[in-house]
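When a residue number appears, it is its place in the shown sequence, counting from 1. None of the values given here were measured: they were computed from a predicted structure.
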Amino acid sequence: MKFNRRSVLKITGFGIAGAFLLPRMAFAARNTLRSMRTGVQPGNKTRLVIETANRPTYSLSYPAGQLVVNLSNTGVNNGVSAALASDGLIQSISQIQNGDNLQIVATLKKSISQIPKSGIMVLSPNGDNDYRLVLDFVAGSAPVVKNETYTTSSAAATTAITAARKYIIVVDAGHGGKDPGCIGKGGTREKDIVLSVAKKLKTKLDSNGFKTYLTRGDDRYLKLGQRAEIAETRRADLFISLHANANPSRKMKGFSIYTLSDKASDEEAKKLAEAENAADKIGVEGFAEFEENIRMALSSLQQHAVAEMSEEYANGCAKSFKRASIEQQPGPDVRHAPFAVLRSTVPGALLELGHLSNPAEEKLLKSSSHQDKLVNAIVRSVKNYNFEV
């Protein structure tokens, strides 16, 4: 399952110029609604599952007391009745045809806020099931969204949703306080470099319309579980943990990007995760550091969705760094390892900004101009990230 919503246009038999003049729907098969059902998940989350014959293209909107799912290129199916759980937030579900789009309107017992990306999953066919759009949500204050979101234009709906609130980014400056992180030959401390970059990044992200929080804004020590919990508490849409690397070979240099996995992608990733996790000796096999409701939310299904979204951001970030001519450490664009700081329900990545063990890169990381270059690349990666599924 991939959460890449960017469709690939296959041009066959038309010629390039002619193909771009054809309506987009000419290339998409008509989708069919198969079933709808609700249930209740741990943490009092209501789950809405919408099953379709083909992978759905959709947008969400939130009129007062309702949740509207807009399915592109899909027709009403009067043979489908929603199976509703009696103790969920959904009171009733109806279908409305709006041009080529099917709008599934869920009337709610209580208002909800915008569903975070981590609460949205698209599951591929499995056994007797076709494609499933899965939405998990809880009761909360509903954003003010006008009924114009009832539209055949997915772009218009997305714009309305985006305007309802700012996306929340939590930036984590690694190490701090009694934990200096790695130290360069010139005495440069990792904790100082990443804090400087984190502060600049917050300023730049805020000026670009995001709501940004730092896990630490000064030289203090935080346990890894505390850092992840800040992202949970802030209900972040994205978590970015900043670090600087060290290597036995002083010739090694370049950035590297990591996402969470129970198994490391290579031996180097494994050793790096062990070194980072040693900051507070947190056990990465369990989730004892988290509150019970957070541990309950870390189901295999949700973790799969978070992993997909984290991978998408990490790949985009790697591209942004390379486009900015920031040197990459030899190896894959994105690596994977069991980093304790990434264990949460928030999509995120750990960014190693360079090697303090390399004398030339140590000087770069200390320079304000290079830090600005790093910040600009990260901001571009966040702006290019598809927060709306």
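- A distance-only check finds no donor-acceptor pair linking the side chain of Arg132 to the backbone of Val134 [under 3.5 Å].
- Within the cation-pi definition used here (under 6.0 Å to the ring centroid, within 45° of the axis), Arg55 does not qualify as a partner of Tyr131.
- Under the 4.5 Å side-chain criterion, counting only non-hydrogen atoms from C-beta, Tyr62 is in contact with Ile115.
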Can you check side chain to side chain contact (heavy atoms under 4.5 Å, CB included) on Leu374 and Ile326, steps first, answer last? CA-CA 8 Å; Leu374 291 166; Ile326 300 171; 3.8 Å; yes

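- Side chain of Gln97 to main chain of Thr74: a donor-acceptor pair is present (N/O by atom type, distance under 3.5 Å, no hydrogens or angles).
- Nearest heavy atoms, Thr259 versus Ala349: CG2-CB, 4.4 Å.
- Residues Gly187 and Glu362 share a closest heavy-atom pair of N-OE2, 3.5 Å.
- When all heavy atoms of Leu242 and Leu201 are compared, the pair lying nearest together is CD1-CD2, 4.4 Å.
- Rounding to the nearest 0.5 angstrom, the gap separating the CG atom in Leu135 from the CG atom in Leu48 is 5.0 Å.
- Asn208 and Lys383 share a side-chain donor-acceptor pair at under 3.5 Å.
- Of all non-hydrogen atoms in Val105 and Ile96, the two that sit nearest each other are CG2-CD1, 3.8 Å.
- With a 4.5 Å cut-off on side-chain heavy atoms, Leu350 and Ile257 do not count as touching.
- Residues Tyr258 and Ser256 share a closest heavy-atom pair of CE1-OG, 3.2 Å.
- Using modelled atom types, one finds no donor on one side chain facing an acceptor on the other under 3.5 Å when comparing Gln91 with Thr107.
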Working note: Asn376 + Lys204, criterion side-chain hydrogen bond (donor to acceptor under 3.5 Å, both in side chains); need CA distance, chi angles, decisive distance, verdict. CA-CA 8 Å; Asn376 289 335; Lys204 196 70 179 283; 2.4 Å; yes

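- There is no side-chain donor-acceptor pair under 3.5 Å between Gln95 and Asn78.
- Put simply, the side chain of Ser320 gets close to the backbone of Ala377: a donor and an acceptor are under 3.5 Å apart.
- Between the CG atom of Leu133 and the CD1 atom of Ile50 there is a distance of 5.0 Å, given to the nearest 0.5 Å.
- Taking CD1 from Ile378 and NZ from Lys200, the interatomic distance works out to 12.0 Å, rounded to the nearest 0.5 Å.
- Looking at Ser368 and Asp372, their side chains come closer than 4.5 Å, going by heavy atoms from C-beta outward.
- Ile90 and Val138 end up in different hydrophobic clusters when Ile, Leu, Val, Met, Phe, Trp and Tyr side chains are linked at under 4.5 Å.
- Between Lys45 and Asp136 there is no salt bridge, since no side-chain nitrogen of the basic residue lies less than 4.0 Å from a carboxylate oxygen of the acidic one.
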Stepwise side chain to side chain contact (heavy atoms under 4.5 Å, CB included) test for Leu356 and Glu361: CA-CA 6 Å; Leu356 286 173; Glu361 202 155 61; over 6 Å; no

Kindly determine whether Arg250 and Asn358 satisfy side chain to side chain contact (heavy atoms under 4.5 Å, CB included), including the steps that lead there. CA-CA 5 Å; Arg250 294 192 181 275; Asn358 180 288; 5.7 Å; no

Report the C-alpha separation of Arg37 and Ser35 in whole Å, then their side-chain angles, then the decisive distance to 0.1 Å, and conclude whether the side-chain hydrogen bond (donor to acceptor under 3.5 Å, both in side chains) test is met. CA-CA 7 Å; Arg37 55 189 179 275; Ser35 69; 3.1 Å; yes

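- Under 4.0 Å is where a charged nitrogen must lie from a carboxylate oxygen, and between Lys191 and Asp179 no such pair does.
- Between Lys117 and Asp237, none of the side-chain N atoms (NZ, or NE/NH1/NH2) sits under 4.0 Å from a carboxylate O, so this pair counts as no salt bridge.
- Considering all non-hydrogen atoms of both residues, Leu365 and Gly354 come closest at CD1-C, 3.9 Å.
- Going from atom CG of Leu353 over to atom CG of Asn245 covers 10.0 Å, rounded to the nearest 0.5 Å.
- The backbone N or O of Ala324 lies less than 3.5 Å from no partner atom in the side chain of Arg380, so there is not a single donor-acceptor pair.
- Judged purely by atom type and a 3.5 angstrom limit, His355 uses its side chain to pair as donor or acceptor with the backbone of Gly254.
- At least one side-chain heavy atom of Leu238 sits less than 4.5 Å from a side-chain heavy atom of Val382.
- Comment: Asp333 engages Lys322 in a salt bridge, judged by a side-chain N to carboxylate O separation of less than 4.0 angstrom.
- A distance of 10.5 Å separates CG in Leu67 from OG1 in Thr46, rounded to the nearest 0.5 Å.
- For Lys109, there are no salt bridge (Lys or Arg N to Asp or Glu O under 4.0 Å) partners at least two apart in sequence or on another chain.
- One N or O on the side chain of Asn31 and one on the backbone of Asn54 form a donor-acceptor pair closer than 3.5 Å.
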Determine whether Asp192 and Arg189 satisfy the following criterion, side chain to side chain contact (heavy atoms under 4.5 Å, CB included), listing intermediate values before the conclusion. CA-CA 6 Å; Asp192 299 327; Arg189 300 180 299 184; 2.7 Å; yes

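- Evaluation of the side chain to side chain donor-acceptor pair (under 3.5 Å) rule for Lys202 yields Asp206 as partners, not counting sequence neighbours.
- No hydrogens or angles considered: nothing links the side chains of Thr32 and Arg30 as a donor-acceptor pair under 3.5 Å.
- At distances below 3.5 Å, at least one donor-acceptor pair connects side-chain atoms of Asp219 with backbone N or O atoms of Gly177.
- Here Glu327 pairs with Lys253 in a salt bridge; the nearest charged N to carboxylate O distance falls below 4.0 Å.
- Donor-acceptor pairing under 3.5 Å is lacking for the side chains of His243 and Glu352.
- Between the side chain of Glu190 and the main chain of Ala244, a donor-acceptor pair closer than 3.5 Å is present.
- In the hydrophobic clustering of ILVMFWY residues, with side-chain heavy atoms under 4.5 Å counting as a link, Leu364 and Phe321 come out apart.
- Between Tyr313 and Tyr385, the ring-plane angle classifies as perpendicular under the 30° and 60° cut-offs.
- A 4.5 Å side-chain heavy-atom check between Leu102 and Asn70 finds every atom pair outside the cut-off.
- Taking OG of Ser357 as the reference point, atom NZ of Lys251 lies at 13.5 Å (rounded to 0.5 Å).
- Residues Ile193 and Val379 are members of one and the same hydrophobic cluster, defined by side-chain heavy-atom contacts under 4.5 angstrom among Ile, Leu, Val, Met, Phe, Trp and Tyr.
- Side-chain contact between Thr212 and Ile168 is absent, with no heavy-atom pair separated by less than 4.5 Å.
- Using a 4.5 Å heavy-atom threshold, the side chains of Val68 and Ile104 count as separate.
- Put simply, the side chain of Val171 does not reach to within 4.5 Å of the side chain of Thr215, judged on heavy atoms.
- Judged purely by atom type and a 3.5 angstrom limit, Gln329 has no side-chain atom pairing as donor or acceptor with the backbone of Phe255.
- The hydrophobic cluster containing Met252 does not contain Ile183, counting ILVMFWY residues as joined when their side-chain heavy atoms lie under 4.5 angstrom apart, directly or transitively.
- By the neighbour-count criterion of 12 heavy atoms within 6.0 Å, atom NZ of Lys211 is sparsely surrounded, having that number or fewer from other residues, nucleotides or ligands.
- Side chains of Ser196 and Gln371: a donor-acceptor N/O pair is present below 3.5 angstrom, by distance only.
- For the pair Lys178 and Tyr221, the cation sits on the ring face: its NZ or CZ lies under 6.0 Å from the ring centre, inside 45° of the axis.
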